[in-house]
Amino acid sequence: MSCIFMFVKTQGLKKYYNYIQWLSLDVVLGACAGLYFFQHLLELSFTPVVYVLMALAVWGIYTFDHLMDARNIQGRASSARHLFHQVNFNTLLIWLVLVVITAVILAFDFIKFSHLMTFGMLLGTVIIGNIVFMKFFGKKVSILKEITTAAFYTAGITLVPMIRFTNEGIPRVFWYFAFGYFLMAWFNLLLLAYMDYDSDSRDEMGSIVSVLGVPMTHSLLTGLMWVELVYLVGMFFVLGSFYYIYLIILAIMFLIHVSAFLRGKRSKEAVRRQIDASYLLPFVLFLVA
């Protein structure tokens, strides 16, 4: 009886987690954790509104991207995420409009006209433009999809800290960690594209794998893995001990990615849960004074 109860409980939790994934709420939390990582690193202080705006912006951009994918797929989508967006297209579109309106009101009310407002709107416009550009040209430019997304993701979580240092000069250590974060995000997206190749092919969606092929993408992942590992080890020799806690967190996050990559026989869902959860690790900095 207890086994049946545990099975039902596990299935129920899995169902709720699927909704969290399909709605990109795990990505939203990961982006907020990344923002907190750089806030803590640079010893800054942000109001909760900054995190609310970050969450709304990330959710809006990812939902816009998934809705465009869902609309462009001919017939029933192969992946559960895109199928969810196909089935709930109108509802999600309404929520997207409400989120955009809420974000604009909050931005004008709390941030008003400032460097953050200007650069935030500029970055958002460029990201949306890039998404539309990728959808319009399709497979012709799909080789750029993962690296540009990784660059925009990193720019998004580091924008607020960068703006705070526009007049004083951005510390060099910021760029060290930002580049490390970018490499990890690129590896993450390459790994997801590598795993989703079959469903993407059935839905005629382009990715770097459709251009380079599976073997070459695997080699690219392997090379990028070693570049990031060497880079992180090198940072231990370049930076002082004060930054070791941040290096350890970043290293653990990436090692979780490496573990998911090297253990290739696991299901796509299990791998996605593992690497998405790794982006929440910066929240442990709440425990560090």
Side-chain angles (χ1 to χ4, degrees), residues 27 29-47 49-51 53-54 57-58 111 114-127 130 144 146-190 220-221 223-258 275 278-289:
V27 179
L29 288 172
C32 289
L35 173 59
Y36 184 71
F37 178 90
F38 287 97
Q39 174 190 332
H40 199 281
L41 172 71
L42 300 176
E43 299 180 300
L44 300 172
S45 178
F46 300 146
T47 63
V49 176
V50 171
Y51 284 90
L53 286 171
M54 166 68 80
V58 172
I111 299 178
S114 63
H115 288 302
L116 179 56
M117 182 77 161
T118 303
F119 286 107
M121 292 184 67
L122 178 62
L123 179 60
T125 302
V126 171
I127 291 173
N130 180 69
L144 301 173
E146 285 73 26
I147 191 169
T148 55
T149 304
F152 287 134
Y153 178 86
T154 308
I157 64 174
T158 58
L159 177 65
V160 181
M162 278 195 292
I163 295 299
R164 291 290 293 271
F165 281 94
T166 49
N167 296 324
E168 305 168 25
I170 302 172
R172 186 180 300 175
V173 67
F174 166 86
W175 297 112
Y176 291 154
F177 281 99
F179 186 65
Y181 234 96
F182 161 72
L183 290 177
M184 181 175 65
W186 188 19
F187 186 90
N188 174 289
L189 293 165
L190 283 174
L220 178 59
L221 277 164
L224 187 58
M225 176 187 72
W226 284 112
V227 168
E228 174 76 332
L229 288 174
V230 171
Y231 182 77
L232 292 174
V233 171
M235 285 176 69
F236 274 100
F237 293 98
V238 173
L239 301 178
S241 58
F242 173 82
Y243 298 106
Y244 283 1
I245 180 64
Y246 306 102
L247 271 172
I248 290 170
I249 289 173
L250 190 58
I252 292 174
M253 291 170 68
F254 188 66
L255 287 174
I256 291 173
H257 284 71
V258 171
I275 60 179
S278 70
Y279 281 87
L280 303 180
L281 271 176
F283 282 135
V284 303
L285 290 169
F286 275 116
L287 305 176
V288 180

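Judged by distance alone, with hydrogens and angles left aside, the side-chain atoms of Tyr153 form no donor-acceptor pair with the main-chain N or O of Phe182 at under 3.5 Å. Using a distance-only test at 3.5 Å, with no hydrogens or angles considered, no donor-acceptor pair links the side chain of Tyr243 to the main chain of Met235.
When side chains are defined from C-beta on, Leu250 does not count as touching Tyr176, because their heavy atoms never get closer than 4.5 Å. Put simply, the side chain of Trp226 does not reach to within 4.5 Å of the side chain of Val258, judged on heavy atoms. Taking the side chain as every heavy atom from C-beta outward, Gln39 and Tyr51 approach each other to under 4.5 Å. Considering only heavy atoms from C-beta on, Ile163 stays 4.5 Å or farther from Val160 through its side chain.
Aromatic pair Tyr181/Phe38: ring centres closer than 6.0 Å. The ring of His257 has its center closer than 6.0 angstrom to the ring center of Tyr279.
Residues Ala178 and Thr154 come closest through the heavy atom pair O-CG2, 3.5 Å. When all heavy atoms of Leu280 and Ala33 are compared, the pair lying nearest together is CA-CB, 4.1 Å. When all heavy atoms are compared, the tightest approach of Ser278 to Pro282 is O-CD, 4.2 Å. Taking all atoms of both residues into account, the shortest heavy-atom contact from Ile157 to Met54 is CA-CE, 3.7 Å. Taking each heavy atom of Pro161 and Leu35 in turn, the nearest pair found is CD-CD1, 3.9 Å. When every heavy atom of Phe174 is checked against every heavy atom of Met162, the shortest pair comes out as CZ-CG, 3.2 Å.
If you take CZ on Phe177 and CG on Leu232, they are separated by 9.0 Å, rounding to the nearest 0.5 Å. Note that CG of Leu189 is 6.0 Å distant from OG1 of Thr149, once rounded to the nearest 0.5 Å. Between atom CG of residue Leu229 and atom CG of residue Leu255 there is a gap of 6.5 Å, rounded to the nearest 0.5 Å. Rounding to the nearest 0.5 angstrom, the gap separating the CG atom in Asn188 from the CG atom in Leu183 is 12.5 Å. Considering CD1 of Ile147 and CZ of Phe152, their distance stands at 11.0 Å, rounded to 0.5 Å. We find the CD1-CD1 distance between Ile252 and Ile248 to be 7.0 Å, quoted to the nearest 0.5 Å.
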- Item | Trace of the side-chain contact (heavy atoms from CB on, under 4.5 Å) decision for Ile256 with Leu281 | CA-CA 11 Å; Ile256 291 173; Leu281 271 176; 4.1 Å; yes
- For Leu285 and Ile245, what are the C-alpha separation, side-chain angles and deciding distance, and is it a side-chain contact (heavy atoms from CB on, under 4.5 Å)? CA-CA 9 Å; Leu285 290 169; Ile245 180 64; 4.1 Å; yes
- Item | Test side-chain contact (heavy atoms from CB on, under 4.5 Å) applied to Leu224 and Glu228, step by step | CA-CA 6 Å; Leu224 187 58; Glu228 174 76 332; 5.7 Å; no
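Between Phe242 and Tyr246, the ring planes lie tilted relative to each other; the angle falls in the 30° to 60° range. Between Tyr231 and Phe179, the ring planes are perpendicular. Angles over 60° get that label, and only those under 30° would be called parallel.
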